[in-house]
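Got a structure for you, written out below as C-alpha cells; questions coming shortly.
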Amino acid sequence: MARSLHAAPRWALLLSLVILLSCLISPGAAVKHENFKKCDQSGFCKRNRAYADDVYAKGSSWSSPYELDSNSIQFKDGQLQGVILKTVSAGEKVRLPLTVSFLESGVARVVVDEEKRTKGDIELRHESKARKQRYNEAGKWALVGGLELSKSASLDPETEAGVTKVLYGPEQKFQAIIRHAPFEVDFQRDGETHVKFNDRGYLNVEHWRAKVDEPKEDQAEDQSTWWEESFGGNTDSKPKGPESVGLDITFPGYVHVFGIPEHADSLSLKETRGGSGNHDEPYRLYNSDVFEYELNSPMTLYGAIPFMQAHRKDSTVGVFWLNAAETWVDIVKSKTSANPLSLGVGAKTTTQTHWFSESGQLDVFVFLGPTPQDLSKTYGELTGYTQLPQQFAIAYHQCRWNYVTDEDVKDVDRKFDRYQIPYDVIWLDIEYTDGKKYFTWDPLTFPNPEGMQGQLDESERKLVIILDPHIKNEANYPIVDDLKSKNLGVRNKDGDLYEGWCWPGSSHWVDCFNPAAIDWWASLFKYDKFKGTLRNMFVWNDMNEPSVFNGPETTMPKDNIHYGDWEHRDIHNVNGMTLVNATYKGLLERKKGEVRRPFVLTRSFYAGTQRLGAMWTGDNQANWDHLAASLPMVLNNGIAGFPFAGADVGGFFGNPSKDLLTRWYQAGIWYPFFRAHAHIDTRRREPYLAGEPYTAIISQAIRLRYQLLPAWYTAFHEASVNGTPIVRPQYYVHPSDEHGFALDDQLYLGSTGLLAKPVVTEGATSVDIYIADDEKYYDYFDYTVYQGGRKKHIVPAPLEKVPLLMQGGHIIPRKDRPRRSSGLMKWDPYTLVVTLDKNGQAEGTLYVDDGETFDFERGAYIHRRFSFSDSTLASENLGTKGPKTAEYLKAMSGVRVEKIVIVDAPQQWQEKSSVTVIEEGAKSGSTAPLEFHLQQNGKAPYAIVKNPGVGIGKTWRIEF
C-alpha cells in the first residue's frame with residue numbers, strides 16, 4: 001500500500017483525507033507529478049541527455065574522448081584488463097580501469113571504474129562520512145552464481161591494429177570486437193553484430209574533480225547541479241560531486257525491446273524522445289512510493305530490474321545494467337537501408353538505447369541468446385531463479401486495509417466456508433498493530449491472535465501480516481530502543497540516526513545492509529519474541545523503497561549514510577531487497593528444527609529479489625484501464641526474472657463495479673501471485689458480498705485456479721530450476737512469429753499450452769485470441785476447435801465465461817475435487833487432460849512435493865513426464881533419487897489418477913469400451929472403462945477413462 005496519508009498533525013491528516021477522497025472520485029489524474037523528478041529536474045539525467053544531444057548534433061565531427069590504452073591490455077584466463085583514458089584537456093587524461101570478463105555461460109561482463117576514486121585519492125566536501133569509492137557492492141545482493149570465467153575464451157591473433165577480438169561462448173561462436181580509439185565494443189554471434197557499446201559515442205564517466213569556487217568565465221559546462229541539488233524543499237549535499245556513468249547500447253536490426261520493470265506501460269517498450277505514441281521522458285528506475293500511479297508512462301514505480309531484452313525473429317539478446325543508483329533509459333528506434341536507392345526495400349529497424357546512472361561503476365552484462373529461454377537461464381544463473389514457494393502461496397489470498405479485529409478475520413474465514421469459496425491466506429494491514437508499532441498486536445482489537453490463527457489452521461489456512469522498515473520513535477518501545485542502542489539504523493549525512501515520517505509519525509529505519517541489523521531483525525520473528533504468532537503466520541514487507549513521507553520524492557535523502565559508509569544514492573534501488581532478505585532469514589529461523597520455506601511479499605525489489613518471495617504492482621485503481629495494464633506489467637516482470645508477480649485484484653483505490661470485479665477475478669487467476677486487496681476507504685468486497693450471479697461466477701473462477709494448481713505448481717518448479725516465466729507472453733512461446741511480438745494482453749501458463757485472454761473491456765462478450773501456429777486449439781470448457789495460424793479467432797466470453805484455450809499436443813494435470821484450501825487437496829487424486837495435436841500426440845509434466853519444506857532438495861518429490869503417442873499414454877520418471885525419495889514415494893503411494901480426458905480422441909474409439917492399464921510392479925495388466933463422446937458444431941470429440949487406478953508417482957502405460 002503506497003498510501004500517501006502522512007502521519008502528521010491532525011489538520012494535515014484531515015486535509016490529506018479530503019484530497020484522498022477527491023482522488024477516489026476522479027481516479028486517473030491523481031498522481032502528484034510535482035513530487036517526482038522529470039529528467040530536466042534530475043541533474044545527471046539532464047547532463048547525460050544534453051551530452052547525447054551535443055554528440056548527435058556534431059555528427060561525424062564528434063570525436064569521443066575515451067580510448068583504450070593499447071599498451072595496458074592484458075588477457076588471461078577468460079578476462080581482459082586494461083585502462084580507458086578519458087581526455088579532459090590537452091594535458092589531462094583520467095584513468096578508468098576496464099575489466100571485460102567472458103563467463104563460462106557465454107555471458108560477457110564489462111566493468112569500468114575510476115582509478116582516483118578506487119584509490120581513495122579524492123576529497124569529500126562538507127566533512128562527509130561517505131566512502132570515496134564508486135559503489136561496487138550491488139553484485140553482493142544481486143548476483144549468486146554464473147561468474148565462472150570461460151576456459152575456452154581466447155584472443156583472435158589475426159585482428160588488425162587498434163582492435164582486440166575475443167572469441168568466446170559455445171563453440172566460440174560469440175565474438176567481442178573491442179575498438180581502442182574511440183573505445184567501442186561490438187558483440188557478435190555467428191559473425192553478426194547483435195549488441196554495440198558506445199556506437200553513438202555517448203559513453204560518459206563523470207570523473208572526480210575538486211570544486212572551484214569561482215569557475216573560469218569560459219567554463220563551457222553547466223555546473224549548477226554538480227555540487228548540490230535541490231528538489232521539493234530538500235537539498236542534496238553531493239559530497240563527492242558529479243559521478244554519473246552513461247553508455248549507449250545499440251541493438252542492430254531489433255524492433256522490440258522488453259523488460260526494465262517496473263513501469264505501468266506496454267510490454268514492448270516505447271521510444272522516449274517524443275513523437276506520436278511515444279514518451280517524452282526516459283524510463284526511470286528509482287524505487288518510489290507513487291500514489292495512484294498513471295498508465296502508459298515511463299515514470300518510476302516501486303521496483304527496478306535493469307535487465308532489457310531485444311527480440312526479433314528467432315533471436316533474443318539482452319543486457320543487464322548492474323547499478324543500484326537512480327537510473328534512466330532512453331530508447332530511440334531508427335530505420336536504415338543498405339541501399340539508399342531501394343526506397344525502403346530491405347530497410348531494417350535498429351533500437352538504440354542510452355543508459356545513465358547517478359553514481360557507481362559502469363557494470364554491464366551482455367547476453368547473446370539466441371532464444372528467450374537462453375536469456376532466462378543465463379540471467380537466472382547470475383541473479384538466482386525464483387523461489388519455489390510453499391503450495392499455499394500460489395493459491396488465493398484475501399486481503400484489505402484492514403480487517404479490523406481478530407473476530408472480523410474469523411467471521412470472514414467462516415463466510416468463505418459458508419459460500420464454499422476456496423482461499424488459503426488472509427492478510428492484516430497496519431491497523432493490527434498497537435499504535436503502528438511493528439511486532440506488536442493492538443490489545444483492544446486483536447486480543448487473541450493465537451485463537452484467530454488457530455481457527456485458520458483448522459482449514460490449513462495462513463495469516464500474513466505487514467511489517468515495514470520504519471520503526472516508531474516512541475519511548476518505552478523495546479524495538480526502537482534496541483535499534484538505537486545497537487546502532488542498527490540508517491544515518492543522516494552528519495552520521496546521526498536518521499529521523500523521518502511514515503505511518504507511525506516520527507520513525508527510524510533499520511539498515512539491513514548491516515549484517516548485525518539483519519541478524520537482529522531476523523531474531524524478532526522467534527515465537528518467544530513475537531508473542532501471539534504461530535507457525536501459519538507469514539510476512540508482507542511494504543513501504544520498503546523506502547517510503548518517507550517528508551523526504552525528497554517521498555523517500556530518503558540521497559546523502560544519508562548506510563552500513564559500509566555508502567551513500568543512499570549508491571544503494572537506493574537495492575535497499576528494499578535488503579529488508580526482504582532479513583525477513584526471509586527471520587522466517588527460516590523462527591524455531592530450531594522447524595525449517596519451512598518462507599513466504600514474503602515485497603513492494604520494492606531489485607534484480608535477485610525473486611530468490612526471496614513475491615511482488616505485486618502496488619497501488620492500482622479500480623478501473624478497466626488498470627485491469628488491462630496489469631497483464632503487461634506481470635508479463636514484463638516474468639521475462640525480467642521475477643515471475644512470482646501479481647496485481648491487486650479489484651483495484652486498490654476506488655470501488656469497482658460488479659462487472660469489473662468479476663472480470664478482474666477472471667484475470668487475477670492468471671497472475672502467479674493471486675491476491676485481492678483494497679484501500680481502507682473502499683467498500684468491503686469479499687466475493688460473497690457481490691450477490692448473484694456475481695458471487696457464483698467469481699467462485700467459479702477461483703475454483704478454476706484451484707483445479708489447475710498442479711499445473712501452476714509445475715510451472716513454478718520449472719521457473720525455480722531454469723528461470724522461465726510462469727506466465728509467458730506471445731513472443732516467448734512463438735519467437736518466430738513477428739505478428740505476435742508486441743502482444744501483451746494474452747498469456748500462456750508455463751509449458752501447459754493453456755492460452756488465456758482475460759476480458760479487460762467493459763461490456764465485452766467476446767475476445768479475439770491470436771493464434772500463431774497451425775496447431776489445433778480447444779476451448780477449455782466445451783472443446784470447441786480453433787485452428788488457423790497468424791490470425792485472431794473470436795472466442796465467446798459472456799460474463800460467466802473465462803476465455804481459455806488449450807493448445808493441441810499437451811497433457812495438463814488437474815485436481816477436480818473442490819476443497820476449502822490447497823492444503824486440504826494434498827491427498828486428492830489427479831485428472832489428466834490430454835489435448836492431441838495434429839499428429840495425434842501430446843506431452844506434459846507434473847511436479848509434486850510436500851509443498852512446505854525443503855525436503856525436495858533431498859529427493860522428496862515426484863517429477864513425471866506424460867506422453868501420448870501410438871494410442872498409448874505413458875508416465876515416466878524425470879526425478880533423481882535422494883535420501884528422502886523412498887520415504888516420500890511411500891507417503892504418496894495412495895495418490896492416484898482418477899480420470900483421464902482425451903480431447904480430439906480418434907473416432908474409431910467409439911467401438912472401444914475399455915483400455916488396458918499396465919503399472920510398474922504389477923503382476924498383470926488390468927482394464928479401465930472408456931467412454932467416448934461424439935460432439936457436433938465444431939466441438940472436438942473426447943474420451944474419458946475413469947479410475948485407471950495408476951499411482952501418480954509410478955511408471956505406467958495405458959493402451960487405447
Side-chain angles (χ1 to χ4, degrees), residues 64 66-70 72-86 95-115 118 134-136 138-139 142-143 146-150 153 155 163-169 174-189 193-205 244-251 306-310 317-325 327 329 352-357 359-369 375 378-379 382-383 607:
S64 172
Y66 297 88
E67 65 175 289
L68 176 59
D69 179 1
S70 300
S72 70
I73 297 173
Q74 296 180 329
F75 183 84
K76 184 180 179 183
D77 298 332
Q79 194 169 71
L80 181 146
Q81 292 184 312
V83 175
I84 296 173
L85 301 176
K86 175 185 179 182
R95 294 173 61 83
L96 306 172
L98 166 72
T99 303
V100 186
S101 304
F102 300 93
L103 308 180
E104 197 64 49
S105 63
V107 174
R109 181 185 192 181
V110 178
V111 179
V112 179
D113 210 321
E114 181 181 352
E115 189 171 274
T118 302
R134 288 180 175 272
Y135 184 61
N136 57 8
L143 305 179
L147 295 174
E148 297 80 11
L149 291 171
S150 171
L155 291 176
V163 176
T164 299
K165 183 175 180 180
V166 180
L167 307 176
Y168 70 105
F174 299 168
Q175 304 90 34
I177 300 171
I178 304 168
R179 293 180 177 83
H180 300 180
F183 173 72
E184 298 177 14
V185 189
D186 287 5
F187 294 94
Q188 298 188 344
R189 188 182 70 231
T193 299
H194 291 267
V195 182
K196 299 166 77 80
F197 281 9
N198 203 33
D199 173 53
R200 300 155 76 198
Y202 297 173
L203 174 62
N204 184 29
V205 181
S244 76
V245 291
L247 176 68
D248 59 282
I249 301 174
T250 300
F251 302 100
F307 177 41
M308 177 183 283
Q309 300 181 26
V317 296
V319 293
F320 172 41
W321 179 272
L322 182 57
N323 190 299
T327 298
V329 185
Q352 301 166 328
T353 67
H354 183 200
W355 303 63
F356 29 98
S357 296
S359 63
Q361 297 175 314
L362 193 156
D363 190 351
V364 192
F365 293 79
V366 179
F367 305 80
L368 293 180
L375 261 66
T378 49
Y379 174 78
L382 288 169
T383 64

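On a predicted model such as this, the values are computed, not experimentally measured, just so you know. Counting begins at 1 with the first residue of the sequence.
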Legend entry - Non-hydrogen side-chain atoms of L103 and Q79 separated by less than 4.5 Å: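 No; the side chains remain at least 4.5 Å from each other.
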
Legend entry - Contact check, side chains of V245 and N323, non-hydrogen atoms, under 4.5 Å: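 Yes - at least one pair of side-chain heavy atoms lies under 4.5 Å apart.
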
Legend entry - side-chain hydrogen bond (donor to acceptor under 3.5 Å, both in side chains) partners of K196, counting only residues at least two apart: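 Once residues adjacent in sequence are excluded, the partners of K196 under the side-chain hydrogen bond (donor to acceptor under 3.5 Å, both in side chains) criterion are D186.
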
Inset, instruction - Please examine the side chains of V364 and L362, heavy atoms only from C-beta on, and report whether any two atoms are closer than 4.5 Å. - result: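 Contact flag for L362/V364 side chains = yes.
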
Inset, instruction - Please check if the side chain of S357 supplies one atom and the backbone of W355 the other of a donor-acceptor pair under 3.5 Å. - result: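 No; judged by distance alone, with no hydrogens or angles, the pair does not exist.
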
Inset, instruction - Would you confirm whether D69, through its side chain, and I84, through its main-chain N or O, come within 3.5 Å as a donor-acceptor pair? - result: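 No.
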
Legend entry - Near-ring test F320/Y379, centroid separation under 6.0 angstrom: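 For Y379 and F320, the ring centres are under 6.0 Å apart.
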
Legend entry - Residue pair Q175 / R189: nearest heavy atoms and the distance that separates them: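 So the minimum-distance heavy-atom pair works out to OE1-N, 4.3 Å.
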
Legend entry - Minimum-distance pair of heavy atoms, taken over all atoms of E104 and S150: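 For E104 and S150, the tightest heavy-atom pair comes out as OE1-CA, 3.3 Å.
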
Inset, instruction - Check for a donor-acceptor pair, side chain of S72 on one end and backbone N or O of G82 on the other, with a separation under 3.5 Å. - result: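 Absent.
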
Inset, instruction - For G201 and D248, work out which heavy atoms get closest and say how close. - result: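 Nearest pair, atom of G201 first, then D248: N-OD1, 3.4 Å.
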
Legend entry - For F187, the option from F251, F174, F102, F197 that meets ring-ring contact (aromatic ring centres under 6.0 Å, His included):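 Of F251, F174, F102, F197, ring-ring contact (aromatic ring centres under 6.0 Å, His included) with F187 is met by F197 alone.
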
Inset, instruction - Run the numbers on H354 and V329 for side chain to side chain contact (heavy atoms under 4.5 Å, CB included), then give the verdict. - result: CA-CA 5 Å; H354 183 200; V329 185; over 6 Å; no

Legend entry - Nearest-0.5 Å distance that lies between atom CD in E184 and atom CD1 in I178: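 So the CD of E184 and the CD1 of I178 are separated by 12.0 Å.
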
Legend entry - CZ-CZ distance between F365 and R109, expressed to the nearest 0.5 angstrom: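 F365 CZ to R109 CZ: 3.5 Å, rounded to 0.5 Å.
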
Legend entry - Residue pair R134 / N136, side-chain heavy-atom distance below 4.5 Å: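 No, too far: nothing below the 4.5 Å cut-off.
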
Legend entry - Any V83 side-chain heavy atom under 4.5 Å of L96 side chain: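 They are not in side-chain contact.
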
Legend entry - Side chain proximity check, S101 to L149, heavy atoms < 4.5 angstrom: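 Side-chain contact under 4.5 Å: yes.
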
Inset, instruction - Establish, from distance only, whether the side-chain atoms of Q361 and D113 form a donor-acceptor pair under 3.5 Å. - result: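 Note: Q361 and D113 side chains meet the donor-acceptor criterion.
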
Legend entry - Proximity of F356 and Y202 rings by center, below 6.0 Å: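 Between F356 and Y202, the centre distance exceeds or equals 6.0 Å.
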
Legend entry - OG on S105 to CG on L147, rounded to 0.5 Å: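 Rounded to the nearest 0.5 Å, the CG-OG separation comes out at 8.5 Å.
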
Legend entry - For Y168, side-chain hydrogen bond (donor to acceptor under 3.5 Å, both in side chains) partners two or more places apart: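 Result, side-chain hydrogen bond (donor to acceptor under 3.5 Å, both in side chains) vs Y168: none returned.
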
Inset, instruction - Give the intermediate values and the outcome of side chain to side chain contact (heavy atoms under 4.5 Å, CB included) for residues L247 and N198. - result: CA-CA 6 Å; L247 176 68; N198 203 33; 4.0 Å; yes

Legend entry - Side chain proximity check, F307 to L382, heavy atoms < 4.5 angstrom: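 Side-chain contact under 4.5 Å: no.
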
Inset, instruction - Establish, from distance only, whether the side-chain atoms of Q352 and T250 form a donor-acceptor pair under 3.5 Å. - result: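 Result is no, nothing qualifies.
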
Legend entry - Spacing of CZ belonging to R95 relative to CD belonging to E115, to within rounding of 0.5 Å: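 Here the rounded value is 4.5 Å.
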
Legend entry - Intermediate values then yes/no, side chain to side chain contact (heavy atoms under 4.5 Å, CB included), L68 and Y66: CA-CA 7 Å; L68 176 59; Y66 297 88; over 6 Å; no

Legend entry - Point-to-point distance, once rounded to the nearest 0.5 Å, from CD1 of I177 to NZ of K165: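 Answer rounded to 0.5 Å: 5.0 Å.
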
Legend entry - Donor-acceptor pair, side chain of K86 and main chain of V205, under 3.5 angstrom: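 Yes.
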
Inset, instruction - Could you grab the distance from atom CD of Q188 to atom OG1 of T193, nearest 0.5 Å is fine? - result: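 One finds 3.5 Å between CD of Q188 and OG1 of T193.
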
Legend entry - Beyond-backbone contact of L98 with Q81, side-chain heavy atoms, under 4.5 angstrom: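 The answer is no, as the side chains (C-beta and beyond) never meet within the 4.5 Å cut-off.
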
